[in-house]
Amino acid sequence: MDVPLYLEPRLGPRLASLVRSGPLLHTLVGGLGSPLNVVLPQQITDNLARFRGVYREHRLGGEVLFAHKANRSSALVRQLAAAGGAVEVASLGELQHALGAGFTPDRIVATGPKNPEFLWLAARTGVGVHIDSPAELDELTALVNRFRLPRARILLRLSGFTAPGVKVLTRQSRFGSPVAELDGLLKVVERHGDAVELLGVGYHLDTTSLSEKAVALEGCLRAMDLCRARGLQPRVIDVGGGYGVNYLDDGEQWDRYTTELTNAVLGRRPPLTWHQHGYGLRNDSGTLRGALGLYPAHRPVAGERYLDALLSQQAPSLGGRLATLLLESLYDLYTEPGRALADQCGLTLARVLEVRRTESGEHLVRLEANADDIGLEEHGVLMDPLLIPRDKGRTPADAEPLGVYLTGNLCLESDMVTRRMVFLPRPPVPGDLLGFANTAGYCMDFSADHAQRQPVARKVAAWQDGDGWRWCLDEQYWPITNPGGAHAV
Ligand SMILES: *Cc1c(COP(=O)(O)O)cnc(C)c1O
């Protein structure tokens with residue numbers, strides 16, 4: 001076989017310790033079935049503390065709000081409530097869950113497309129509401145007036161930012177009101193001054209580009225000036241999510257892999273993917289076309305370090321560091337990290353059912369799980385699973401690495417857990433587990449469903465206690481379950 005092209009996951013100490021606990025993981029899957037999701041509430045507290053640390057470095061106040069849509073877990077959300085965190089909810093169900101987890105309304109913000117029930121409960125309980133459009137503002141004020149609700153606390157979600165004299169524009173978004181229409185929006189806010197209170201403005205941009213986010217943040221600073229000039233008193237700028245995760249341990253592996261993938265698409269080396277799948281690239285008579293549609297899995301500046309980098313940017317046209325401008329105006333900074341707060345907080349386990357060789361010589365490893373249970377591929381995150389042998393003693397010392405395709409438990413040609421060849425350090429055997437690390441952000445339960453009446457993964461919370469691990473069902477986890485976890489950070 002060719003040299004194996006590994007894409008080894010980055011494992012922090014806690015997740016690494018869990019992955020090394022093979023007998024525990026086999027017991028869990030033995031008792032609760034495959035697939036199985038494990039979440040690590042202690043880790044999300046650590047991640048929150050790191051984001052808080054960046055606020056402190058820049059002497060900024062405000063909230064770090066976990067974007068709930070990244071994971072449905074109760075344990076993670078309850079842990080954050082106990083740790084003094086905050087949460088961003090994007091549906092009626094998420095809002096109910098957050099309230100039930102112990103968050104007070106001042107630490108909840110509602111975003112996204114909203115139905116009337118979601119708007120009503122948000123206004124009834126007094127959580128912050130991100131207003132997506134003038135029509136939504138009308139709808140909210142009508143609810144407040146009709147049901148005599150308390151004055152709703154609102155933030156205006158803006159989009160379409162530009163900066164004078166600067167070429168960078170922010171990308172198009174389906175969400176938010178164009179900043180060019182802010183004036184009209186503020187007229188509606190003023191007209192309904194008895195029904196709504198303007199907390200601030202914000203954006204959420206799905207991009208890795210720091211310069212685009214700097215334009216958006218500066219646009220918010222300008223928008224705040226405009227509000228103040230009109231006599232309104234907003235104090236919050238919400239810069240949304242999108243801080244990213246560094247999934248891979250080794251940047252060279254990533255560079256080598258993407259180079260070889262390109263070579264494979266061009267036919268210059270043996271295939272690396274199932275049926276010439278190109279992840280967005282294609283071979284047009286010897287010329288490479290398209291663009292690699294993958295998550296940049298090796299990101300040296302991610303999570304709280306990315307936030308630090310954004311705050312340290314110069315404002316594109318106002319001049320001065322963005323953090324300084326925020327501080328001088330005494331604005332509170334809200335951030336809404338989803339993926340980044342869930343970094344290192346989860347592991348998805350799947351049992352190997354069968355290993356077979358096709359007529360053309362490919363090795364297929366069939367798992368007791370499907371592509372919707374393990375969303376890494378769907379989210380463009382290429383990262384190797386970890387082999388957790390059933391019987392460590394029986395592993396032959398001379399076992400060779402093997403390139404395999406992982407297939408799922410649905411009766412569907414397209415149910416491939418990976419469309420790329422995954423290199424394992426040795427051939428797996430039925431009964432082994434594959435552990436997919438770092439799945440808690442979007443890759444664990446976002447798409448899982450009951451197709452073919454296959455089971456949806458159960459979820460357990462696991463925490464370190466001394467040298468060992470303890471666990472319970474996710475639903476059963478409360479911060480008092482784990483006394484070490486009940487403190488605010
Ligand atoms: C999805 C989303 C987030 C979280 O984004 P990440 O990339 O996971 O950090 C935050 N805010 C809003 C409004 C979102 O829709």
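Since the model is a prediction, treat every value here as computed from it, not as a measurement. By convention here, the first residue in the shown sequence is residue 1. Start at 1 and go down the list; that is how both ligands and their atoms are numbered.
A salt bridge is absent between Glu94 and Lys69: the closest approach of a Lys/Arg side-chain nitrogen to an acidic carboxylate oxygen does not fall below 4.0 angstrom. Ion pair Asp183/Arg230 flagged as a salt bridge, since at least one NZ, NE, NH1 or NH2 atom sits closer than 4.0 Å to an Asp/Glu carboxylate oxygen.
Every atom of ligand 1 is numbered from 1 in the order shown, and the set under 4.0 Å from a heavy atom of Thr111 is 13 (C). If you number the atoms of ligand 1 from 1 as listed, the ones under 4.0 Å from a heavy atom of Gly338 come out as 4 (C), 6 (P), 8 (O), 9 (O).
Only the side chain of Arg157 comes within 4.0 Å of ligand 1, counting heavy atoms alone; its backbone N, CA, C and O stay farther away. Here His204 has side-chain heavy atoms under 4.0 Å from ligand 1, and that is the only part of it that gets that close. Contacts between His130 and ligand 1, counted as non-hydrogen atom pairs separated by less than 4.0 Å, are absent for every part of the residue.
Under a 4.0 Å heavy-atom criterion, Phe175 is not in contact with ligand 1. Distances shorter than 4.0 angstrom occur between a heavy atom of Pro337 and an atom of ligand 1.
Side-chain atoms of Gln464 and Arg14 form a donor-acceptor pair, as typed in the model, at a separation below 3.5 Å. Looking at Arg222 and Ser317, their side chains do bring a donor and an acceptor atom within 3.5 Å of each other.
Asp373 places no side-chain N or O within 3.5 Å of a backbone atom of Pro35 that could act as its donor or acceptor partner.
Of all protein heavy atoms, the one closest to atom 15 (O) of ligand 1 is Lys69 NZ, 2.7 Å.
An N or O contact shorter than 3.5 Å is missing between Gly240 and ligand 1 by distance. Residue Gly242 has at least one nitrogen or oxygen atom sitting less than 3.5 Å from a nitrogen or oxygen atom of ligand 1, judged on distance alone. Some N or O of Glu336 is nearer than 3.5 Å to an N or O of ligand 1, by distance alone.
Among the candidates Val87, Val109, Leu95, the single residue satisfying the side-chain contact (heavy atoms from CB on, under 4.5 Å) test with Val127 is Leu95.
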**Prompt:** For Thr335 and Tyr55, what are the C-alpha separation, side-chain angles and deciding distance, and is it a side-chain hydrogen bond (donor to acceptor under 3.5 Å, both in side chains)?
**Reply:** CA-CA 10 Å; Thr335 52; Tyr55 278 56; 2.9 Å; yes
**Prompt:** Should Asp238 and Glu336 be marked as a side-chain contact (heavy atoms from CB on, under 4.5 Å) after you check the CA-CA gap, both sets of side-chain angles, and the distance that decides it?
**Reply:** CA-CA 8 Å; Asp238 185 334; Glu336 300 172 355; 2.5 Å; yes
